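Here's the structure, in structure tokens; my notes come after.
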Amino acid sequence: MTDKIDSKMLPIKDIFKKWFCIPNYQRSYVWEKDQVIDLLDDISSAYERNADSQYFLGSLVLHCQPKNFNGTTYQENSVLDGQQRLTTLYILQAIIRDITTVETRKKTCAKAIFQEGNPDDGVPERLRIEFAIRKEVEVFINNFIKKEGGTQKTEELQNLANTSENVSIRNMANAILIINKWFGNEDNLDIDVLFPYLRQYVILVYVASSELEDAFRLFTV
């Protein structure tokens with residue numbers, strides 16, 4: 001099994017250069033207020049302890065599969081474990097894109113969310129994370145995360161957080177509201193400090209196998 005496994009420690013900036021899919025057999029996005037705030041507070045605390053030290057946030061267990069785009073093959077990673085963290089980091093970068101005044105940072109976040117296609121280089125046009133869980137989740141992602149300014153539609157998001165029958169949409173909308181509020185608290189770490197640390201020093205362990213059976217075995221372990 002070991003010769004089929006790819007394992008690396010990667011910073012967030014490299015994680016979001018890859019392509020991910022949340023497969024339809026995965027559970028919904030279930031993180032609520034406590035988990036979202038814990039993630040932000042943990043990253044902030046790690047920075048305050050040592051701004052030059054890496055912080056291990058957790059692991060991703062993936063099933064990697066080749067995909068074809070205009071004759072060029074790229075790797076898509078189905079997420080077996082780590083979906084909640086990965087999705088929250090995805091949402092976080094969409095919010096930073098919408099509230100930052102730094103143009104380079106805005107572009108960095110935009111590329112972490114959605115990659116414009118380039119057929120000359122064999123680059124597909126697609127979201128960094130495709131959500132195959134439910135069609136309505138994809139619609140939500142397109143309207144509130146992919147679209148610039150989407151995370152600032154507070155009234156619409158509050159309505160979805162309160163009334164949506166879809167668990168993922170309800171919790172994603174709530175996560176956006178919570179993160180926006182967290183950044184609005186002047187006692188919390190400023191974006192100018194948090195974002196460079198997040199991208200460069202926050203680490204995920206990436207464990208992938210091209211064999212689904214092996215990937216599930218890794219997830220079980």
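When reading the values below, keep in mind they use all heavy atoms of this one structure, side chains included, and skip hydrogens, waters and symmetry mates. Note that the structure is a prediction, hence the values are computed from the model and not measured.
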- What pairs of residues pass the salt bridge (charged side-chain N to carboxylate O under 4.0 Å, His left out) test when at least one of them lies in residues 165-194, not counting sequence neighbours? R105-D192
- Determine, stepwise, if the pair K8 / V205 fulfils side chain to side chain contact (heavy atoms under 4.5 Å, CB included). CA-CA 6 Å; K8 296 184 180 74; V205 173; over 6 Å; no
- Message: With a 3.5 Å distance limit and no angle check, can you tell me whether S164 reaches the backbone of N166 through a side-chain donor-acceptor pair?
- Response: yes
- Message: Looking at E138 and K135, is any side-chain nitrogen of the basic one under 4.0 Å from a carboxylate oxygen of the acidic one?
- Response: yes
- Measure from the side-chain N and O atoms of R97 to the backbone N and O of I145, and report whether any donor-acceptor pair falls under 3.5 Å. yes
- Reported CG-to-NZ distance for the pair L86 and K18, which is rounded to 0.5 angstrom: 12.0 Å
- Considering all heavy atoms of both residues, which atom of V207 and which atom of S7 are nearest to each other, and what is their separation? CG2-OG, 3.9 Å
- Query: What heavy-atom pair brings S53 and Y197 nearest, and what distance separates the two atoms?
  - Reply: O-OH, 3.2 Å
- Message: Is there a side-chain contact between Y47 and L189 in this structure, where contact means two heavy atoms from C-beta onward sitting under 4.5 Å apart?
- Response: yes
- Yes or no on side chain to side chain contact (heavy atoms under 4.5 Å, CB included) for I91 and V36, after CA distance, side-chain angles and deciding distance? CA-CA 11 Å; I91 292 169; V36 173; over 6 Å; no
- Message: As an exercise, state the distance from CD1 of I179 to CD1 of I99, rounded to the nearest 0.5 Å.
- Response: 9.5 Å
- Could you walk me through whether E32 and N174 pass the side chain to side chain donor-acceptor pair (under 3.5 Å) check? CA-CA 7 Å; E32 297 182 346; N174 196 41; over 6 Å; no
- Crowding at NZ, K153 (>12 non-hydrogen neighbours, <6.0 Å): yes
- Gap between atom OG1 of T151 and atom CG of N143 - 0.5 Å precision: 13.0 Å
- Are F20 and S78 close enough that some pair of their side-chain heavy atoms sits under 4.5 Å apart? no
- Can you name the residues that form a salt bridge (charged side-chain N to carboxylate O under 4.0 Å, His left out) with E156, not counting sequence neighbours? none
- Side-chain touch T108/V102, heavy atoms, less than 4.5 angstrom: no
- Please confirm whether the backbone N or O of I15 pairs with a side-chain atom of R128, one donor and one acceptor, at under 3.5 Å? no
- Query: Is the side chain of Q93 donor-acceptor paired with the backbone N or O of T88 at a distance under 3.5 Å, no angle test?
  - Reply: no
- Message: So, using ring-ring contact (aromatic ring centres under 6.0 Å, His included) as the criterion, who are the partners of F144 when residues are at least two apart?
- Response: F140
- Task: Please determine if K111 and E116 form a salt bridge, counting it only when a charged side-chain N lies under 4.0 Å from a carboxylate O.
- Result: no
- Task: Take L10 and F16 through the side chain to side chain contact (heavy atoms under 4.5 Å, CB included) test and state the conclusion after the steps.
- Result: CA-CA 10 Å; L10 294 177; F16 283 93; over 6 Å; no
- Between D41 and W182, the two heavy atoms sitting closest are OD1-NE1, 3.0 Å
- The reported gap from CD1 in I37 to OG in S44 (rounded to nearest 0.5 angstrom) is 11.5 Å
- Interatomic distance, K147 atom NZ to N142 atom CG [nearest 0.5 angstrom]: 8.5 Å
- Quick one: are I169 and V137 in side-chain contact, heavy atoms under 4.5 Å? yes
- Message: Please check: side-chain N/O of Q83 versus main-chain N/O of I22, any donor-acceptor pairing under 3.5 Å?
- Response: no
- Item | Donor-acceptor contact present, side-chain S168 to main-chain Y29, <3.5 Å | yes
- Validation row: N188, F183 side chains within 4.5 angstrom (heavy atoms): no
- Do L89 and I12 have side-chain heavy atoms sitting under 4.5 Å apart? yes
- d(W19 CH2, Q65 CD) to nearest 0.5 Å is 15.5 Å
- Ignoring hydrogens and angles, tell me if any N or O in the side chain of N77 forms a donor-acceptor pair with the backbone of C64 under 3.5 Å. no
- Query: Can you tell me if N171 uses its side chain to pair, donor with acceptor, with the backbone of V167 under 3.5 Å?
  - Reply: yes
- Query: Out of curiosity, does L92 fall in the hydrophobic cluster containing V193 (side-chain heavy atoms, cut-off under 4.5 Å, transitive links)?
  - Reply: yes
- Do you know the tightest heavy-atom contact between Y90 and I113? OH-O, 2.6 Å
- Between L204 and R85, the two heavy atoms sitting closest are CD2-NE, 4.1 Å
- Task: Would you confirm whether N180, through its side chain, and I176, through its main-chain N or O, come within 3.5 Å as a donor-acceptor pair?
- Result: yes
- Item | 4.5 Å side-chain heavy-atom contact, L60 and D81 | no
- Message: Taking the six-membered ring for Trp, are Y201 and Y55 closer than 6.0 Å centroid to centroid?
- Response: no
- Message: I'd like to know if E76 and R126 make a salt bridge, using a cut-off of under 4.0 Å between side-chain N and carboxylate O.
- Response: yes
- Message: Donor-acceptor check, side chain of T100 to backbone of I96, threshold 3.5 angstrom: yes or no?
- Response: no
- Can you find a heavy atom in the side chain of I141 that is under 4.5 Å from one in the side chain of I129? no
